[in-house]
Amino acid sequence: MLSGRGAPTLEMVAARAGVSRATVSRVVNGSPKVTPEVVAVVNEAIAALDYVPNRAARSLASRRTQVIALVVPESTARVFSDPFFASVVQGVALELAETDYTLNLLIASEANSEKTRRYLLGGNVDGALVVSHHSGDHSYTRLGRELPIVFGGRPMGADVVDSTYVDVDNVAGARSAARCLIDAGRTHIATIAGRQDMPGGVDRLAGWRAELTEAGLPADLIEVGDFSPADGAAAMRRLLARGVPIDGLFAANDQMAAGAYSVIREAGLTIPGDIAVVGYDDDRYGETAAPPLTTVAQSPVDLGTEMARVLVRRLAGEPVERVTVMPTRLVSRASV
């Protein structure tokens with residue numbers, strides 16, 4: 001540590017390391033054109049002098065902000081009540097903690113999508129992560145032509161052919177849920193599907209339907225909800241109101257399964273005696289349900305981590321896979 005000479009400069013680091021100022025600059029900016037040996041010498045000098053790079057100057061020179069936006073096109077109430085989003089944010093933050101990037105969270109409802117678009121294209125961020133994408137959010141897929149973007153979940157629509165995204169295998173996860181109910185001897189299996197303008201809702205319904213069809217079972221007991229407990233309860237009431245036998249239920253997330261639980265009990269039915277139930281997410285709703293909910297586990301923390309990792313690599317000019325699909329697993333509990 002130096003004293004009495006002011007803050008250490010790039011030139012002082014270069015003199016101590018015995019290299020040029022340009023070489024120090026390349027090391028500080030993470031250039032791949034510097035040998036590991038030189039990087040080590042420069043980093044030793046940086047540590048010895050306690051040199052801190054001037055981020056503002058670097059941003060002006062490189063036109064980089066060192067900021068990544070996490071865009072969630074949902075209402076504020078939804079974002080802060082759904083544990084999925086908190087876990088995604090945690091995963092993104094964990095990955096970015098090892099980099100120089102700062103995370104900005106943008107909760108972007110349909111009412112202010114143009115405001116969000118202006119901010120993203122206004123030189124405020126280097127790239128964006130978009131989670132909970134809806135089929136109508138075409139502005140975000142088009143933004144990918146002007147700004148590096150990684151989606152959490154498969155984007156929907158005709159203009160997303162070149163989009164980069166990280167998703168979980170929702171079709172396989174839903175198939176495993178349906179198979180669990182079939183293996184338990186259930187033959188009248190309903191589903192509370194998620195929103196059909198979101199890839200998770202579409203793919204989980206497709207997986208449930210495919211598994212039942214292959215087993216020779218009818219796949220027509222379908223109601224759709226918005227992934228909330230209230231909508232799960234309303235959908236379950238509609239299913240029971242049909243007056244047809246139901247002995248199994250797959251809910252497209254644990255929140256809707258929790259809502260269905262209450263309605264099943266209101267009807268004087270038992271879980272799993274009368275109706276076996278499988279959810280999706282393995283979040284606190286499933287863990288605290290009574291009886292504990294059999295569910296399909298995905299890891300939103302890992303999803304956020306992988307999204308951030310892919311975007312950081314893209315921003316560094318490294319090759320990345322356009323599509324990354326993460327596995328799910330069935331968690332067996334007492335509801336089946």
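Residues take their numbers from the sequence shown, with the count starting at 1.
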Positive for side-chain contact (heavy atoms from CB on, under 4.5 Å) with Leu269, one of Ile275, Ile246, Asp247, Val263: Ile275
Heavy atoms only: give me the nearest Leu311-Pro148 pair and the separation to one decimal. CD1-O, 3.8 Å
Side-chain contact test, heavy atoms from C-beta onward, threshold under 4.5 Å: evaluate it for Leu303 versus Phe84 and give yes or no. yes
Within-4.5 Å side-chain heavy-atom neighbours: Phe80 and Glu74: no
What are the two closest heavy atoms between Trp208 and Ile189, and how far apart are they? CZ2-O, 3.2 Å
Assess the side chains of Tyr285 and Asn253: does a donor N or O sit below 3.5 Å from an acceptor N or O? no
Provide the closest heavy-atom pair for Val130 versus Met307 in the form atom of the first, atom of the second, distance. O-CE, 4.0 Å
The side chain to side chain contact (heavy atoms under 4.5 Å, CB included) partners of Pro218 (sequence neighbours excluded) come to Asp220
Should we count CD of Glu318 as having more than 12 external heavy atoms under 6.0 Å? yes
Sidechain-backbone polar pair: Ser335 side chain, Val277 backbone, donor-acceptor under 3.5 Å: yes
Apart from Leu94 itself, what residues make up its hydrophobic cluster when side-chain heavy atoms of I, L, V, M, F, W and Y under 4.5 Å apart count as a link, directly or indirectly? Val301
Less than 4.5 Å apart, any side-chain heavy atom of Glu146 and any of Arg117? yes
Assess whether a salt bridge exists between Arg284 and Glu287, defined as any Lys/Arg side-chain N lying under 4.0 Å from an Asp/Glu carboxylate O. no
Do you know which two heavy atoms are closest between Asn170 and Gly200, and how far apart they sit? ND2-CA, 4.0 Å
May I ask you to test the Tyr261-Pro291 pair for a side-chain heavy-atom distance under 4.5 Å? yes
Ion pair present between Glu211 and Arg179, side-chain N to carboxylate O less than 4.0 angstrom? yes
Candidate list Thr305, Leu129, Leu103, test side-chain contact (heavy atoms from CB on, under 4.5 Å), partner Leu96, passing option: Leu103
With a 4.0 Å cut-off on N to O distance, would you call Arg333 and Asp282 a salt bridge? yes
Any non-hydrogen side-chain atom of Tyr165 less than 4.5 Å from a side-chain atom of Val323? yes
Any donor and acceptor pair, going by atom type alone, linking the side chain of Arg313 with main-chain N or O of Val320 inside 3.5 Å? no
